[in-house]
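Hydrogens, waters and symmetry mates are skipped; everything else that's a heavy atom, side chains included, is used. Quantities reported herein were computed from a predicted structural model and do not represent experimental measurements. All residue numbers in this chain count up from 1 along the given sequence.
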Amino acid sequence: MLKGLQGFGNNSFTEEGREYELVDIIKILRGGENRRTLFQDLCEDVFDRRLRFAEFDCLPKGSKLTYLFGKRASAEDKVATFIRDSGKRVISSDFQVSPLIKNALSEVSRTNPISAKLGEAWTRQNIDSIDISPELIMSEPWQSKVWWKKERKQQALMQVFSTCRQKLVWYGAPDIVLLSGKNIFVFLSICQFIWAEYLRSTSESSQIFPKGIDPLTQATGIHSASEYWFRKVRAEPKGGDDRHRFANVLGTAIRDRLTRDKSMSYPGENGFSLPVKDLEAARHVESFLENCVSFGVLEQHSHTSKSRSRGQSQKWFLSSILTPYFQIPTAHTKEPIYSNIEDIEDWMCSARVSSAAGVSRSKLKKKYISNPIDEQLTLNFRGGVED
């Protein structure tokens with residue numbers, strides 16, 4: 001196959017780097033996983049242009065995205081806004097520890113449920129190696145462990161909402177941009193769903209730019225957008241049903257792992273990693289994962305594993321917009337699960353992916369045969385009020 005750009009009117013080919021340079025617009029806008037990109041600016045610009053085109057009255061100056069949706073909401077803000085009496089239910093009922101330590105953690109939870117949940121995880125991790133007293137718990141030593149706390153805060157938030165039998169929430173401009181996964185079409189759809197929910201809940205004129213949209217309305221709109229994009233997976237051609245079932249199996253497995261891990265020993269379990277050498281030897285897995293990335297079900301990034309034996313690796317996460325549906329953290333603050341090909345094959349067989357049928361027929365007889373779609377999460381937001 002001839003490579004390069006062919007000149008007009010002749011058969012000669014130009015040479016990249018000498019006669020021309022390739023500019024990857026997608027790479028510029030999306031960038032790497034952690035590097036700041038132009039996507040935030042793109043969202044601001046598109047949002048501003050849409051509002052001006054709609055001819056809203058009295059548009060504010062500065063970031064209209066932040067004006068309408070608000071600044072970043074901390075984990076503590078989300079608990080305080082959506083969960084009533086959370087301090088009474090944060091500590092796990094099955095936490096086998098002395099009543100004095102458990103009471104100390106409960107006391108911390110009265111003022112800071114997130115800190116109490118982190119304290120439970122810290123206690124589980126250290127109770128066999130150091131002398132933990134109620135006085136030590138009340139001093140909250142985990143608060144000084146900046147990176148340890150940062151890596152586990154979203155998992156703690158998820159566990160607090162789960163323990164209190166509530167659904168995890170997303171709201172605020174930073175959450176909306178994060179959930180967009182650097183895809184401007186996803187960003188626009190999230191805004192549309194939130195706006196539709198706002199119009200259903202207000203009597204104000206639709207031409208008056210609101211002074212902020214409340215967190216409950218945003219959270220409900222975001223979950224509707226996430227449901228929409230998950231349904232859309234099935235409607236896509238060339239294996240949409242397979243990808244839909246795989247996403248359901250993967251999302252459910254990730255949530256179960258993060259919920260059960262009360263010691264928060266591995267907070268990066270919202271994604272998985274495979275060595276490149278193993279992936280190249282399992283073409284059926286590589287092809288299926290590439291297909292999932294192409295259709296926006298998974299996000300893929302290269303990374304260097306901390307384990308030298310694994311060598312260069314690739315890591316995958318569920319598409320950011322799907323995380324509200326599966327109630328798992330969106331941010332990637334820790335290295336993902338170090339998986340192997342057999343793990344992925346198990347998920348594929350559990351999802352009854354057609355390309356996995358010939359891998360191991362015996363796997364289809366395992367417990368994975370149950371249909372996880374029948375156990376789909378329900379969405380219920382009533383400002384923290386349970387049924």
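Remark: T323 engages T330 in a side chain to side chain donor-acceptor pair (under 3.5 Å) (not counting sequence neighbours). Applying the side chain to side chain donor-acceptor pair (under 3.5 Å) criterion to N340, with sequence neighbours excluded, gives no partner residue. Among residues two or more places apart in sequence or in another chain, the ring pair (Phe, Tyr, Trp, His ring centres under 6.0 Å) test is passed with F187 by none. Under the side chain to side chain donor-acceptor pair (under 3.5 Å) criterion, K102 pairs with no residue at all, not counting sequence neighbours. In this structure Y228 satisfies the ring pair (Phe, Tyr, Trp, His ring centres under 6.0 Å) test together with F193, sequence neighbours excluded. Considering only residues two or more places apart in sequence or on other chains, W170 meets the ring pair (Phe, Tyr, Trp, His ring centres under 6.0 Å) condition with H223.
The stretch residues 189-203 participates, sequence neighbours left out, in these salt bridge (charged side-chain N to carboxylate O under 4.0 Å, His left out) pairs: E197-R200. For residues 66-82, the salt bridge (charged side-chain N to carboxylate O under 4.0 Å, His left out) pairs, not counting sequence neighbours, are E76-K153, K78-D175. Applying the salt bridge (charged side-chain N to carboxylate O under 4.0 Å, His left out) test to residues at least two apart or on different chains, none of the pairs has a partner in residues 125-144. Sequence neighbours left out, the pairs with a member in residues 316-334 that pass salt bridge (charged side-chain N to carboxylate O under 4.0 Å, His left out) are E151-K334.
In the hydrophobic clustering, where aliphatic and aromatic side chains (Ile, Leu, Val, Met, Phe, Trp, Tyr) are joined below 4.5 Å either directly or transitively, Y266 groups with Y338. Grouped by direct or indirect side-chain proximity (heavy atoms under 4.5 Å, Ile/Leu/Val/Met/Phe/Trp/Tyr only), F53 sits alone.
For F56 and W195, the gap between ring centers is short of 6.0 Å.
Using a 4.0 Å cut-off between charged nitrogen and carboxylate oxygen, R257 and D261 do not count as a salt-bridge pair.
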